[in-house]
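Naming: A, B, ... by sequence-line order, numbering from 1 per chain.
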Number of protein chains: 2
Amino acid sequence: MNSSFPPKRATLRDVARNAGVSVATVSRVLNGSTLVTEDTRTRVTQAIELLGFVPSAAARTLNSGRSRTVGALVPTLDHSIFARYLDSLENRLSERGYALVVAVTGGQPEVEERKAMGLIDMGVDGLIVSGKTHTQGFDALVDRFHVPTLITSYYDPDARYPTVGYDNGAIAMKAIEFLKALGHRHVFVAHGPVDTNDRIVARVEAIRRHTRDMEAEFLSVSMNVAGGADAVRQMAGATVKPSALLCLSDVQALGALFELQRLEIPVPDQISLMGFDDLEWSAVSQPGITSIHLPAEAMGDAAGDAIVDWIKSGQPAQPVSLEAAIKQRASTRSVISQR
Amino acid sequence: MNSSFPPKRATLRDVARNAGVSVATVSRVLNGSTLVTEDTRTRVTQAIELLGFVPSAAARTLNSGRSRTVGALVPTLDHSIFARYLDSLENRLSERGYALVVAVTGGQPEVEERKAMGLIDMGVDGLIVSGKTHTQGFDALVDRFHVPTLITSYYDPDARYPTVGYDNGAIAMKAIEFLKALGHRHVFVAHGPVDTNDRIVARVEAIRRHTRDMEAEFLSVSMNVAGGADAVRQMAGATVKPSALLCLSDVQALGALFELQRLEIPVPDQISLMGFDDLEWSAVSQPGITSIHLPAEAMGDAAGDAIVDWIKSGQPAQPVSLEAAIKQRASTRSVISQR
DNA sequence: TCTTGCATTGTAACCGGTTACAATTGGGTA
DNA sequence: TACCCAATTGTAACCGGTTACAATGCAAGA
């Protein structure tokens with residue numbers, strides 16, 4: 001029994017035939033043209049309903065040159081800051097009729113280049129990357145294919161591509177000034193690897209510039225819980241102990257907190273602890289960790305709007321600067337002697 | 001000056017002209033057909049290099065009917081378990097030449113249906129959803145368009161779609177049996193909302209079945225840190241205190257741990273605490289939290305393979321059952337009196 | 001009654017690959 | 001020399017929408 005299988009997807013021509021009109025008319029109904037009688041519009045609409053017709057995105061893409069798709073390249077998904085950012089980016093894109101294609105780079109520029117190629121291959125209308133470190137090959141790709149490209153997690157009006165994010169140097173300064181204001185004059189700064197992560201480089205450099213009048217030691221440790229614990233152990237082994245530990249990521253700060261608890265070093269009595277990112281955990285840990293809240297959600301929204309506007313208008317996006325706020329919690333205390 | 005702008009993307013016909021061959025020959029070179037002389041192949045390859053030609057995905061999609069794109073519908077990205085899963089799913093898909101389109105549903109079936117429609121609209125070759133609760137509209141869509149569709153985070157060979165995941169009932173049983181073996185006879189079970197999350201429902205029901213010979217109380221609290229704290233407060237207010245608290249998610253378990261610390265209730269001396277998911281934090285908190293490790297990475301890999309195989313072969317995927325393992329840590333202790 | 005003109009609708013080319021089928025070429029054989 | 005076959009390469013139709021342009025219908029104006 002060669003039944004009705006396979007039930008091929010209805011095409012625009014099927015609809016036209018069923019409604020007794022031409023393909024152009026169906027297309028006009030689909031695109032809401034006013035040049036159609038109410039009567040024919042109804043007939044066409046009914047035929048569409050009847051046949052369960054859905055236009056082929058590929059065909060539309062082929063002659064509009066638009067795929068209604070945006071590619072986002074992120075170092076990892078398993079980090080709350082990126083997850084929150086992508087969550088709101090997807091939401092905003094979806095609202096505006098765009099789909100989000102995600103590619104994970106592991107923070108490796110070569111992987112980023114390869115995956116960017118893949119995204120361009122599949123026809124994304126725009127690209128959103130994290131940070132401003134990219135291979136020459138990446139730049140060449142963007143140039144060659146004229147893909148609207150945005151940088152996030154970074155604000156720098158002079159960057160090669162429009163940036164939507166925060167000024168990493170400025171927020172790092174904010175953090176160190178906060179500790180200074182509490183009277184801290186000797187801090188340890190734990191940060192992740194500086195070889196590929198430009199956000200960290202910017203933060204470290206800003207902190208270096210603003211710690212000329214105090215003692216600061218920098219510890220390069222891995223960007224995870226173990227890294228924070230590592231930093232604490234190095235600090236504990238130091239001859240002169242600092243009064244504060246600043247971690248450039250909350251993952252490290254929490255790792256540090258747990259290690260401090262293990263070593264029974266009281267926070268903030270013996271040492272103040274401060275982080276970056278404002279993870280959910282930082283607000284509820286014992287004690288809560290003072291942290292810099294990064295506007296991940298706002299960044300997703302802003303980046304989504306910026307890229308879609310750019311795609312639709314053809315006008316490159318303007319850089320967007322977002323503010324970060326200090327969330328003061330119990331892990332930091334003033335060391336200015338009361339009188 | 002009407003210079004060389006816009007530098008339109010080279011098409012296959014441009015390459016053909018440049019190499020002095022026909023479009024069919026170029027297409028053959030692109031697809032690695034053997035029916036081409038080494039000589040012409042070289043000429044074509046050079047022309048491709050020269051013009052920086054990249055085939056249009058839309059055109060290829062149009063007549064192959066394949067977009068080389070898979071859509072994943074997840075409740076949220078801001079939860080380590082989904083992030084880890086998507087991370088490895090993206091990796092596997094990428095290895096096999098497919099791109100991942102992500103859509104976030106917020107756990108709402110209606111949103112899932114709407115976004116699934118969007119994904120089908122844009123032409124994904126396959127769909128991967130979380131859990132088996134879906135609207136009728138969703139099922140209708142899948143039926144109508146014959147999209148290969150997979151369920152993850154769930155294992156049930158009798159489900160409407162092939163499942164790739166773990167048996168939520170079985171792992172919940174494993175957890176409760178673990179507590180039983182430690183001598184616990186009175187436990188509180190904190191779980192998230194049961195209205196839309198079928199994974200939780202399956203776990204709760206399994207636990208109900210396996211706690212007939214002991215006392216168990218169920219607390220429905222929100223699926224976040226605050227929910228865990230909530231559970232602890234409810235427990236603290238109970239007339240008869242349990243010897244163990246089982247949270248069906250580590251987010252809740254950590255929230256509970258912090259609240260217990262705040263209330264100065266020692267873990268595990270006064271109460272044993274157990275979680276689900278095995279978040280990074282559960283391994284390093286003070287004390288470490290005994291948890292069920294869910295195979296998120298393996299699930300991503302398996303789902304990626306399953307959907308791509310299905311797309312390529314046309315043969316529906318076979319259900320895949322993945323094992324979860326108990327990670328025993330310091331938050332649980334035996335309450336069997338020593339003798 | 002015959003234009004003129006606007007409102008609708010239809011025809012066919014086009015987007016950029018893929019592929020069935022036709023055409024050309026060269027070597028080997030009768 | 002004539003003929004056959006296999007190896008290469010070319011031609012053109014096709015995938016499913018969009019849209020420029022043509023065509024048709026109908027009412028108002030001359």
Side-chain N or O of [X] closer than 4.0 Å to phosphate OP1/OP2 of [N]:
X	N	answer
A/Thr40	C/dT9	yes
B/Arg60	C/dT18	yes
A/Ser27	D/dT18	yes
A/Ser56	D/dG16	no

Taking any heavy-atom pair under 4.0 Å as a contact, classify [X]: base, sugar-phosphate, or nothing.
X	answer
A/Thr37	sugar-phosphate
A/Thr11	sugar-phosphate
B/Val23	base
A/Thr61	nothing

Ion pair check, B/Asp87 and B/Arg92, cut-off under 4.0 Å =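 Salt bridge: no.
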inquiry  = Between B/Lys312 and B/Asp125, does any NZ, NE, NH1 or NH2 come within less than 4.0 Å of an OD or OE carboxylate oxygen?
reply    =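 Answer for the salt bridge query: no.
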Rounded to the nearest Å, what distance is computed from the [atom1] atom of residue [X] to the [atom2] atom of nucleotide [N]?
X	N	atom1	atom2	answer
A/Asp14	D/dG17	CG	P	9 Å
A/Arg13	C/dT9	CZ	P	19 Å
A/Asn63	D/dG16	CG	P	14 Å

task = Answer yes or no: side-chain N or O of A/Arg9 and base N or O of D/dG16 forming a donor-acceptor pair under 3.5 Å.
result = no
DNA chain D: 5'-proximal contact among B/Thr25 and B/Leu62 (nearest heavy atom) =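 Per heavy-atom nearest nucleotide, the more 5' residue is B/Thr25.
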ask   = With B/Val36, which of B/Val29, B/Val44, B/Thr42, B/Val21 fulfils side chain to side chain contact (heavy atoms under 4.5 Å, CB included)?
value = B/Val29
remark   = Quick note, B/Arg28 side chain, CB onward, closest among C/dG17, D/dG16, C/dA20 is C/dA20
ask   = Would B/Asp156 and B/Tyr161 count as having a side-chain donor-acceptor pair, cut-off 3.5 Å?
value =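 No donor-acceptor contact under 3.5 Å links the two side chains.
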